[in-house]
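Input: a single structure, listed below in structure tokens.
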Amino acid sequence: MRLLLIGPPGSGKGTQAVLIAEHFGIAHISSGDLLRRHVADRTSIGRAIEEYVNRGDLVPDGVVMDLLRKPVTAASQAGGYVLDGFPRTVEQAEAAYLVAKTLGASVRIAVHLDVHRDELVRRVLARGRETGRADDTEEVINHRLQVFDERTRPLLDYYARREQLINVNGARPVEEVTWSVIVQLQRIQRQLNG
Ligand code: AP5
């Protein structure tokens with residue numbers, strides 16, 4: 001089981017990735033969490049990318065690919081993963097596809113969490129007030145949403161054409177969204193197993 005969660009900021013990628021990974025007994029890998037950990041630990045990578053993350057801009061592809069290569073390879077060999085926040089652009093998806101192919105792991109399923117803008121902004125600002133996450137401010141969330149529309153949304157067409165794409169209404173209670181994803185995944189697994 002190799003899943004990619006795609007959705008705008010606040011759509012619930014992190015929340016759902018934890019629950020889905022737990023359900024299938026596979027690894028959860030979050031590019032955003034890995035990057036934020038480097039920033040918090042003040043590593044050389046963290047210092048180089050902090051500005052990008054705090055502004056809501058995408059971190060250069062090379063940095064993200066280098067960080068993810070090891071955990072994704074290990075998880076792929078151990079039975080699968082839920083990747084949350086990667087790929088983020090068609091270029092990242094193409095690079096990831098080539099890596100996955102060399103691992104014999106090219107069939108993947110992309111899950112799109114669809115949530116309307118007002119709810120996304122509400123969730124992100126509420127979390128910002130609670131946790132102080134640097135990019136959860138009114139100004140930065142607007143930019144993050146714009147980056148999603150320009151750089152990430154084209155991925156939905158890409159996955160609809162090349163691999164399996166599941167669309168899920170993410171503007172529902174957490175457990176309902178999880179079950180909707182799991183039911184659709186089980187259906188696809190049955191189809192793939194013939
Ligand atoms: P990343 O960490 O990926 O953040 P994001 O995409 O902006 O997503 P969020 O973490 O804001 O939201 P989410 O969809 O995970 O929702 P969550 O479950 O947290 O990326 C951050 C930055 O890192 C990027 O801007 C970029 O700089 C860099 N980066 C990361 N990946 C990169 C890549 N591949 N390439 C380049 N740069 C990269 O939920 C949000 C809130 O809503 C929570 O409070 C949660 O409790 C609540 N919530 C969740 N589900 C529900 C629900 N169903 N109902 C009500 N509330 C809910």
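Each residue takes its place number in the sequence, starting with 1. Ligands are counted one by one from 1 in listed order, and the atoms in each one are counted from 1 as well.
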By the salt bridge (Lys or Arg N to Asp or Glu O under 4.0 Å) test, which pairs, at least two apart or in different chains, include something from residues 16-34?
Asp33-Arg36
Are Val64 and Leu58 close enough that some pair of their side-chain heavy atoms sits under 4.5 Å apart?
no
closest protein heavy atom to atom 21 (C) of ligand 1 is Arg36 NH1, 3.5 Å
Atoms in ligand 1 flagged as close to Thr15, the criterion being non-hydrogen separation under 4.0 Å:
17 (P), 18 (O), 39 (O), 45 (C), 49 (C)
Can you sort out which atoms of ligand 1 are near Gln92, meaning under 4.0 Å from one of its heavy atoms?
33 (C), 34 (N), 35 (N), 36 (C)
Interatomic distance, Ser11 atom OG to Asp114 atom CG [nearest 0.5 angstrom]:
9.0 Å
Per-atom contacts, ligand 1 versus Ser31 - under 4.0 Å to a heavy atom:
30 (C), 31 (N), 32 (C), 34 (N)
Residue-ligand contact Arg55/ligand 1, heavy atom below 4.0 Å:
no
Does some non-hydrogen atom of Pro8 fall short of 4.0 Å from ligand 1?
yes
Looking only at non-hydrogen atoms, find the nearest pair between Gly10 and Leu120 and report the distance.
C-CD2, 3.6 Å
Out of Glu130, Met65, Arg172, His143, indicate the one that has the non-hydrogen atom closest to atom 53 (N) of ligand 1.
Arg172
Check contact between Gln16 and ligand 1, using heavy atoms of the residue and a distance below 4.0 angstrom.
no
Considering distance alone, does some N or O of Gly10 sit under 3.5 Å from an N or O of ligand 1?
yes
Test side chain to side chain donor-acceptor pair (under 3.5 Å) applied to Asp84 and His28, Gln16, Lys13, the passing residue
His28
In Å and rounded to the nearest 0.5 Å, what is the CZ to CD distance from Arg55 to Glu139?
11.5 Å
Considering only heavy atoms, which of Arg127, Arg151, Glu175, Lys13 lies nearest to atom 19 (O) of ligand 1?
Arg127
Can we say Arg144 and Asp136 salt-bridge, meaning some charged N sits less than 4.0 Å from an Asp/Glu carboxylate O?
yes
Pick, from Glu50, Arg123, Arg133, the option with the minimum heavy-atom distance to atom 54 (N) of ligand 1.
Arg123
Is there a polar contact between ligand 1 and Gly7, counting only N or O atoms under 3.5 Å apart?
no
Inspect the contact between Glu119 and Arg122 and indicate whether a charged nitrogen and a carboxylate oxygen are less than 4.0 angstrom apart.
yes
Is the closest N or O pair between Gly14 and ligand 1 shorter than 3.5 Å?
yes
Nearest-option assignment for atom 27 (O) of ligand 1, heavy atoms, candidates Val124, Leu58, Val59, Asp57:
Asp57
Does an N or O from Asp33, backbone or side chain, lie closer than 3.5 Å to an N or O of ligand 1?
no
In this structure, are over 12 heavy atoms from other groups packed under 6.0 Å from Phe24 atom CZ?
yes
Among the heavy atoms of Glu176, does any lie under 4.0 Å from an atom of ligand 1?
no
Quick note on ligand 1: atoms under 4.0 Å from a heavy atom of Leu35 include exactly 23 (O), 28 (C), 29 (N), 30 (C), 38 (C)
Residue that, paired with His143, satisfies side chain to side chain donor-acceptor pair (under 3.5 Å) out of Asp135, Asp57, Thr137
Asp57
Atom 24 (C) of ligand 1 - nearest protein heavy atom and its distance
Arg88 NH2, 3.6 Å
Based purely on interatomic distance, does Arg144 place a nitrogen or oxygen under 3.5 Å from a nitrogen or oxygen of ligand 1?
yes
Identity and distance of the protein heavy atom lying nearest atom 34 (N) of ligand 1
Gly85 O, 2.9 Å
Distance (rounded to the nearest 0.5 Å) between Leu4 CG and Ile166 CD1:
10.5 Å
Atoms in ligand 1 with a heavy atom of Val174 nearer than 4.0 Å
50 (N), 51 (C), 52 (C), 53 (N)
Interatomic spacing from CD in Gln92 to CE in Met65 - rounded to 0.5 Å:
7.5 Å
Euclidean distance, Leu34 CG relative to His38 NE2, rounded to 0.5 Å
7.0 Å
With respect to Arg122, determine whether any N or O atom, backbone or side chain, lies less than 3.5 Å from an N or O atom of ligand 1.
no
Tell me, which protein residue and heavy-atom name are nearest atom 16 (O) of ligand 1, and how many Å apart are they?
Gly12 N, 3.0 Å
Are the side chains of Tyr97 and Arg162 in touch, meaning some heavy atoms are under 4.5 Å apart?
yes
